[in-house]
Protein chains: 2
Amino acid sequence: MRYPAAETAEKHQRILDEASRLFRERGFAGVSVGEIMKATGLTHGPFYNHFASKQALMAEGIRHASEKTLTDLRAVPGTGEGRSAYVARYLSADHRDAPGQGCLMAALACEISREPEVKRSFTLHLKTYIDTFTRHFPWPRKQDARGDAIRMLSSMVGALILARAVDDDVLADEILREVKSKLG
Amino acid sequence: MRYPAAETAEKHQRILDEASRLFRERGFAGVSVGEIMKATGLTHGPFYNHFASKQALMAEGIRHASEKTLTDLRAVPGTGEGRSAYVARYLSADHRDAPGQGCLMAALACEISREPEVKRSFTLHLKTYIDTFTRHFPWPRKQDARGDAIRMLSSMVGALILARAVDDDVLADEILREVKSKLG
DNA sequence: CACCATACATGATGCCTGTCATGTATTCAA
DNA sequence: TTGAATACATGACAGGCATCATGTATGGTG
């Protein structure tokens, strides 16, 4: 290689960082390859030295965000209180207003369903996420822990998506508060 | 007017029909104005005789789909059984596989949050939908009927979105089934 | 019957986008 | 020290897009 391998690998990671942030903020179609490269301090040219296509970057971006999401989840105390805090943060106004740093399911799930390559990458994420969520926290109804986890996740994702889609802070807050009140 | 007013109005409705279907199937960015016009049997030219811009069509398309959604909801029997049937249909594989005819929240909410004009239109829909949903069905916990309705909606929307984003029918079915089992 | 308003088709324009071609500079390996 | 491989910048290209311009045909109105 002609450029320092370490720096190249770091640039690769920066592209993934910026891509997964920008995609979550504006959607796949709302961000161009050139914009992502510019955000990492490069020009649009060397993109194809790093990724085969924009769709490949989307799939890799999902995997990248997934790893961070799972790391964060595993760092939460595996107790009832830990779960309550996790849910409360998930359903907070801060999270609602920072999609670029937040849950990739809530930010991109609708668009993911239309991109086959990305869909495969996301499926792996969701499987791991459900498994981790189920095993990491205690569940009163032990015989149906996984079912309870799935229901909790569905509520969280749905509530966050609806709260973000609404132009009225009162309604958005109400949705987050009501769902939080029965999950926290 | 030079063309029969009735036919023109009917074409206007057809544009809205096709637009709201195609948008739900492929997302706002995934459908072009020309494609929508072609789907109605017209060419791309007269689009701007009917709508001020693509964004205006998106907002109108939301309103159009909202009216149909609310009409359908009000036609369901206002009983516990009616609600169960409604939820079961919402969380069915048929609904999952037919986004073009289905819930506009599940199909477009993620993208709506990024389009201010559309967001305003959607806010009106969600307010009306929550109100209708709350008032139309009986709720055991009368003092918190609205909260229960919001929680139920969040679960339904989240589950459907996740089920659609997944490339694995077993997992998708599991999500729908688990959420249905505690709501139906 | 004549006129005017307007919804239509065709076509053009300018912009943005994903992708590829080319030349260059540099670092690692020999 | 030299050569070769490669990540970079610049630039080009073709396609698609929203939007607008123009001409035309038509039906309701006077």
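Residue numbers start from 1 in every chain, and the chains themselves are labelled A, B, ... in the order their sequence lines are given, proteins ahead of strands.
Comparing dA9(C), dC8(C), dA9(D) by their closest approach to the side chain of Thr43(B) singles out dA9(C).
Among residues at least two apart or in separate chains, there is no ring pair (Phe, Tyr, Trp, His ring centres under 6.0 Å) pair with a member in residues 54-85 of chain A. Within the structure, the salt bridge (charged side-chain N to carboxylate O under 4.0 Å, His left out) test picks out the following pairs touching residues 70-91 of chain B (sequence neighbours left out): Lys68(B)-Asp72(B). Within the structure, the ring pair (Phe, Tyr, Trp, His ring centres under 6.0 Å) test picks out no pair touching residues 165-184 of chain B (sequence neighbours left out).
Going from atom NE2 of His50(B) over to atom P of dA18(D) covers 17 Å, rounded to whole Å. Remark: P of dG11(D) and CG of Leu42(A) are 17 Å apart, rounded to the nearest angstrom. The CZ-C1' distance, from Phe51(A) to dC8(D), rounds to 16 Å in whole Å. Straight-line distance from the NZ atom of Lys11(A) to the C1' atom of dT6(D): 12 Å, rounded to whole Å. When rounded to the nearest whole Å, the span between CE of Met37(B) and P of dA7(C) equals 12 Å. The distance from atom NZ of Lys38(A) to atom C1' of dC8(D) is 17 Å, rounded to the nearest whole Å.
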Report, one pair per line, the protein and nucleotides 17-21 of chain C atoms (nitrogen or oxygen only) whose separation is under 3.5 Å.
| unit_1 | atom_1 | unit_2 | atom_2 | d |
| --- | --- | --- | --- | --- |
| dG18(C) | OP1 | Lys54(A) | NZ | 2.8 |
| dG18(C) | OP2 | Val33(A) | N | 2.9 |
| dT19(C) | OP2 | Tyr48(A) | OH | 2.3 |
| dT19(C) | OP2 | Lys54(A) | N | 3.0 |
| dT19(C) | O5' | Tyr48(A) | OH | 2.8 |

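There is no side-chain donor-acceptor pair under 3.5 Å between Arg151(A) and Ser155(A).
Every residue was checked against the ring pair (Phe, Tyr, Trp, His ring centres under 6.0 Å) condition with His136(B), not counting sequence neighbours, and none meets it.
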Name the atoms and distances for all side-chain donor-acceptor pairs under 3.5 Å in residues 43-52 of chain B, with sequence neighbours left out.
| unit_1 | atom_1 | unit_2 | atom_2 | d |
| --- | --- | --- | --- | --- |
| His50(B) | ND1 | His12(B) | ND1 | 3.1 |

